[in-house]
Amino acid sequence: MIRVPAILLRAGSPFVQLWWRIRRPTTFGVKALVRQADGRFLVVRHSYGDTRRWALPGGGYKPARETPAEAAARELHEELGLVLAPESFTVLDTTVTTLEGKHDTLTILTASATSEAFALSPELAEARWLTDLDELGDAPLSQWLLRALARAS
């Protein structure tokens, strides 16, 4: 896998979003709600796009190549160095969205982490284990993060 520096991700993000709005591709994505046994959950801030917004780790995938659970496991490994088996994931929700201009089928999954340790890839500016969203103050939150927490409770 090629690691793109964060500065290039930030610089290219507006062009990708413009391309999606013009082309309106059909895409597939995953978001992963990763929890610890004590109830804490993992949130991330990306190094591109809206860098202030707290969200769930995840990314795109091709259904012909992998399942949503396999994609979630791959994305967690790529973005955070976390190793979770695809069979440890449970689907919380699947929805179709056009928020970013593309026609995206998004699957939100959950799994339990076996470790607290993570290592940020250039895609991520920050990651934290939280007990409650109040720990983030008035920072903007991804609707998918809110939806995952509502579905998981």
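Both backbone and side-chain heavy atoms feed into the values below; hydrogens, waters and symmetry mates do not. Please read all numbers here as calculations on a predicted model, not as lab measurements.
For the pair Leu136/Arg128, a side-chain contact is recorded, criterion being any heavy-atom separation below 4.5 Å from C-beta on. Annotation: side chain of Leu124 is in contact with side chain of His46 (closest heavy-atom distance under 4.5 Å). Counting heavy atoms from C-beta outward, Trp54 and Glu126 have side chains that approach closer than 4.5 Å. Within the 4.5 Å cutoff, the side chain of Leu133 has heavy atoms near those of the Phe41 side chain. Leu80 has its side chain within reach of Leu120: a pair of non-hydrogen atoms, C-beta onward, lies under 4.5 Å apart.
To the nearest 0.5 angstrom, Leu42 atom CG is 8.5 Å from Leu56 atom CG. How far OG of Ser121 is from NE2 of His77: 11.5 Å, rounded to the nearest 0.5 Å. Remark: Arg74 CZ to Thr67 OG1 distance equals 10.5 Å, nearest 0.5 Å. Between the CG atom in Leu130 and the CZ atom in Arg35 there is a gap of 11.0 Å [rounded to 0.5 Å]. Atom-to-atom distance recorded for Arg65:CZ and Glu70:CD is 13.0 Å, nearest 0.5 angstrom.
Closest heavy-atom contact between Leu76 and Ala32: CD1-CB, 4.0 Å. Contact between Ala72 and Phe89 at its shortest, heavy atoms only, is CB-CE2, 3.7 Å. Between Thr107 and Tyr61, the shortest heavy-atom contact is OG1-OH, 4.3 Å. Taking both residues in full, the closest heavy atoms of Val30 and Leu106 are given as N-CD1, 3.8 Å, listed atom of the first, atom of the second, then distance.
Looking only at distances, a side-chain donor or acceptor of Arg45 sits under 3.5 Å from a matching main-chain atom of Thr51. Checked by atom type and distance alone, the side chain of Ser47 pairs as donor or acceptor with a backbone atom of Pro122 at under 3.5 Å.
In terms of the side chain to side chain contact (heavy atoms under 4.5 Å, CB included) criterion, residue partners of Gln36 (sequence neighbours excluded) are, by chain and number, Asp38, Arg40, Ala113, Glu116, Trp129.
Residue pairs satisfying the salt bridge (charged side-chain N to carboxylate O under 4.0 Å, His left out) criterion with at least one member in residues 51-62, sequence neighbours excluded, are listed as follows: Asp50-Arg53.
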Review item, side-chain donor-acceptor pairs of residues 138-150, under 3.5 Å, at least two apart:
unit_1 : atom_1 : unit_2 : atom_2 : d
Ser142 : OG     : Trp144 : N      : 3.0
Ser142 : OG     : Leu145 : N      : 3.4
Arg147 : NE     : Asp93  : OD2    : 2.5
Arg147 : NH2    : Asp93  : OD2    : 3.0

